[in-house]
Chemist: 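The structure that follows is given in the form of structure tokens.
When a residue number appears, it is its place in the shown sequence, counting from 1.
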Amino acid sequence: MPQSRSDGLLAIYPHITSRDRQLLQLLDGHQVLTTDQIHALFFLARRTCQIRLGELYRLGLLDRFRFARDGGGSQPWHWTLGHNGHRFQAAAHNRPEPTARTSRQQMQRLSANPNLTHLLTATEFGVRLSAYARSHPAAELSRWWPETKTAARFSPVTPDGHGLWSEDGTTVGYWLEADTGSEPLGKLAAKLDKYAALARKGGPRYPVLFWLPSEDREEHLHAYLRGRRPEGVLVATATHSSDPADAVWLPVGDTQRVRLAGLPSDHGRVVAANSNYDENGVFLT
């Protein structure tokens, strides 16, 4: 195993496994994952996860940071692409190779991002669905997109994430709004107008999922949205303590919680405004 983080990229290739490539690709899109999240996604034993992450760090494929925990101790390691990880992903996607300075600055900006908690909360949603699918063969998260990719493909909406979730032969698309409790309820509700506009143009009519930090926040949002929800937009809520695959979603206006796969979902029409389809009308996953 090479010990120097400055070894040439080609010299590292024999040490990169298919699982490593999946991790690098995920970090390329979602920017940061904690040790706990990587463990849930890719490993059975936590110790094996920790050892492999340390090896990838020494190879320069990953970088990491963590903060002090209030009351003492440290928070978990937060993992990002290291310089060699950025170089590998740039080569894989035909992008210009970054400099070491660019890679370092990107990690520093991410670590100091005031929205880091929100970013990790949105990512945690996909982590839990992926972990559920690992132990349930009839379930699959076939699409898991971060905010940037979703916004680029489905303008004008800007959700915190988007995915296609399948269970027992049923596939549901969703728009994720990962709430940390910092925004006024009116600002949350205002986001629904963009989803209505996309649907009117023939885009997907997916449920808008508000993933909320507490039951009180959920109750207040339901009360606020009564009479304020745009026509044709389904909104459902659950809390961070729940597993998003389970029967935890409460549609606004209903009293019965349902599974994610039980929510109504429509992929939209074959029109230019709908990036679900190519020019031949073929559905793209």
Chemist: Can you confirm whether the side chains of His78 and Ser111 place a donor and an acceptor under 3.5 Å from each other?
Modeler: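 Short answer, no.
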
Chemist: When you look at CG of Asp70, are more than 12 heavy atoms from neighbouring residues, nucleotides or ligands closer to it than 6.0 Å?
Modeler: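 No.
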
Chemist: Mind telling me whether His136 and Tyr132 have parallel, tilted or perpendicular rings, with 30° and 60° as the class edges?
Modeler: parallel

Chemist: Looking only at side-chain N and O atoms, does Gln25 offer a donor or acceptor that is under 3.5 Å from a partner on His93?
Modeler: yes

Chemist: Please answer: with hydrophobic residues joined when any side-chain heavy atoms are less than 4.5 Å apart, are Trp175 and Leu250 in the same cluster?
Modeler: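 Unlinked, Trp175 and Leu250 end up in two clusters.
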
Chemist: Is it true that, when you exclude Asn94 itself, more than 12 heavy atoms of the residues, nucleotides or ligands shown sit nearer than 6.0 Å to its CG?
Modeler: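 No.
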
Chemist: To the nearest 0.5 Å, tell me how far Leu212 CG sits from His222 NE2.
Modeler: 7.5 Å

Chemist: Measuring from atom CG of Asn276 to atom OG1 of Thr285, what distance do you get when rounded to the nearest 0.5 angstrom?
Modeler: 10.0 Å

Chemist: Scan residues 24-34 for pairs that pass salt bridge (Lys or Arg N to Asp or Glu O under 4.0 Å), counting only residues two or more places apart or in two chains.
Modeler: Asp28-Arg95

Chemist: In plain terms, say whether Arg257 and Asp246 are close enough for a salt bridge, that is, a side-chain N and a carboxylate O under 4.0 Å apart.
Modeler: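 Looking at Arg257 and Asp246, the cut-off is not met.
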
Chemist: What closest approach, in Å, do Pro159 and Thr150 show between heavy atoms, and which atom pair accounts for it?
Modeler: CG-CG2, 3.4 Å

Chemist: Under 6.0 Å between ring centres: does that hold for Tyr13 and Phe88?
Modeler: yes

Chemist: Would you check if there is a donor-acceptor pair between the side chains of Tyr277 and His267 at a distance under 3.5 Å?
Modeler: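 No pair is found: no donor N or O on one side chain lies under 3.5 Å from an acceptor on the other.
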
Chemist: Which heavy atom of Ala238 sits nearest to which heavy atom of Val248, and what is that distance?
Modeler: CB-O, 3.5 Å

Chemist: I need the minimum non-hydrogen distance between Tyr224 and Gly186, along with the two atoms involved.
Modeler: OH-CA, 3.3 Å

Chemist: Could you give all pairs that pass the salt bridge (Lys or Arg N to Asp or Glu O under 4.0 Å) test and reach residues 131-143, with sequence neighbours left out?
Modeler: none

Chemist: Mind listing the closest non-hydrogen atom pair of Ala151 and Thr158 along with its distance?
Modeler: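 For Ala151 and Thr158, the tightest heavy-atom pair comes out as CB-CG2, 4.1 Å.
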
Chemist: In terms of relative ring orientation, are Phe154 and His162 parallel, tilted or perpendicular, with 30° and 60° separating the classes?
Modeler: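 Answer is perpendicular, since the angle exceeds 60°.
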
Chemist: Do Tyr174 and Phe125 have ring centres separated by under 6.0 Å?
Modeler: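 Aromatic pair counts; centres sit under 6.0 Å.
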
Chemist: Does Glu219 CD have over 12 foreign heavy atoms under 6.0 Å away?
Modeler: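 Open: at most 12 neighbouring heavy atoms sit under 6.0 Å from CD of Glu219.
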
Chemist: What pairs meet the salt bridge (Lys or Arg N to Asp or Glu O under 4.0 Å) rule with one or both residues in residues 189-209, with sequence neighbours excluded?
Modeler: Glu177-Lys191, Glu183-Lys191

Chemist: Does a sphere of radius 6.0 Å around CD in Glu97 hold more than 12 heavy atoms from other residues, nucleotides or ligands, not counting ones at 6.0 Å or beyond?
Modeler: yes

